[in-house]
Visitor: 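Below is one structure. I have some questions about it.
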Amino acid sequence: MARATARHILVKNETQALELKTQIEGGADFAELAKQHSSCPSSRDGGDLGAFGPGQMVPEFDRVVFSAPVGVVQGPVKTQFGMHLVEVTSRQD
């Protein structure tokens, strides 16, 4: 069974997500931005969600985590919780 680890930043709107993505692409530290801006409790861990399998996250999130390249920030990804920037940190298929 596939397993992945990922980290994310959850914000309220696409504009903020895009601004944060630009900062990350410019060299800003993902974990620091997660601590400062993410509304998810995972923010205290730099956005780290730990390991999980398919179906354990909302479908929109799952699609990204189990298809995107490892180590490349994806998003914004819209879910019922808001807008996410997602980075797959490892995946075993």
Side-chain angles (χ1 to χ4, degrees):
M1 183 171 136
R3 299 283 292 166
T5 60
R7 58 187 183 168
H8 79 136
I9 299 173
L10 174 62
V11 294
K12 290 184 178 154
N13 62 61
E14 186 174 13
T15 302
Q16 186 180 13
L18 289 169
E19 288 170 0
L20 293 171
K21 186 174 184 180
T22 299
Q23 290 179 43
I24 293 164
E25 290 170 344
D29 184 76
F30 189 105
E32 282 304 312
L33 290 178
K35 288 177 184 176
Q36 294 169 19
H37 299 282
S38 183
S39 61
C40 180
S42 69
S43 64
R44 67 179 166 268
D45 298 319
D48 186 6
L49 295 168
F52 52 91
Q56 291 186 266
M57 300 290 180
V58 293
E60 303 89 345
F61 204 89
D62 254 17
R63 274 193 289 280
V64 172
V65 170
F66 291 98
S67 67
V70 173
V72 179
V73 176
Q74 303 293 313
V77 177
K78 184 177 182 178
T79 71
Q80 67 203 45
F81 302 106
M83 301 301 284
H84 305 257
L85 294 179
V86 182
E87 182 184 20
V88 180
T89 53
S90 72
R91 186 173 55 235
Q92 298 172 324
D93 293 317

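Just so you know, these numbers come straight off a predicted model, no measurement behind them.
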Visitor: Should Val86 and Phe30 be regarded as members of a common hydrophobic cluster, given that ILVMFWY residues are connected when their side-chain heavy atoms come within less than 4.5 Å of each other, either directly or indirectly?
Guide: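 No, Val86 and Phe30 fall in different hydrophobic clusters.
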Visitor: Do Gln74 and His8 have side-chain heavy atoms sitting under 4.5 Å apart?
Guide: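 The answer is no, as the side chains (C-beta and beyond) never meet within the 4.5 Å cut-off.
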Visitor: Do any N or O atoms from the side chain of Asp62 and from the backbone of Pro54 form a donor-acceptor pair under 3.5 angstrom?
Guide: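 It does not hold such a pair.
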Visitor: Yes or no on side-chain contact (heavy atoms from CB on, under 4.5 Å) for Arg7 and Thr89, after CA distance, side-chain angles and deciding distance?
Guide: CA-CA 7 Å; Arg7 58 187 183 168; Thr89 53; 4.1 Å; yes
Visitor: Do Val88 and Phe52 belong together in a cluster built from hydrophobic side chains that touch within less than 4.5 Å?
Guide: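 Yes; Phe52 is reachable from Val88 via cluster members.
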Visitor: Grab the two heavy atoms, one from Met83 and one from Glu14, that are nearest each other, plus how far apart they are.
Guide: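 Minimum heavy-atom separation between Met83 and Glu14: CG-N, 3.6 Å.
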Visitor: Give a yes or no answer on whether the side chain of Arg91 reaches the backbone of Ala2 with a donor-acceptor pair at less than 3.5 Å.
Guide: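 Absent.
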Visitor: Backbone N or O of Ser39 within a donor-acceptor pair of the Ser43 side chain at under 3.5 Å?
Guide: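 Not confirmed, Ser43 side chain does not pair with Ser39 backbone.
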Visitor: Please confirm whether the backbone N or O of Glu32 pairs with a side-chain atom of Asp29, one donor and one acceptor, at under 3.5 Å?
Guide: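 Yes, the answer is positive, given that a donor and an acceptor are paired below the 3.5 Å cut-off.
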Visitor: Name the residue from Leu33, Leu85, Ile9 that meets the side chain to side chain contact (heavy atoms under 4.5 Å, CB included) definition with Lys21.
Guide: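 In the set Leu33, Leu85, Ile9, the residue that makes a side chain to side chain contact (heavy atoms under 4.5 Å, CB included) with Lys21 is Leu85.
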Visitor: Heavy atoms only: give me the nearest Arg3-Gln56 pair and the separation to one decimal.
Guide: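 Between these two residues, the closest heavy atoms are NH1-OE1, 3.4 Å.
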Visitor: Checking the side chain of Thr5 only, and the main-chain atoms of Ala51 only, is there a donor and an acceptor separated by less than 3.5 Å?
Guide: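 Pair absent, no side-chain N/O of Thr5 close to backbone of Ala51.
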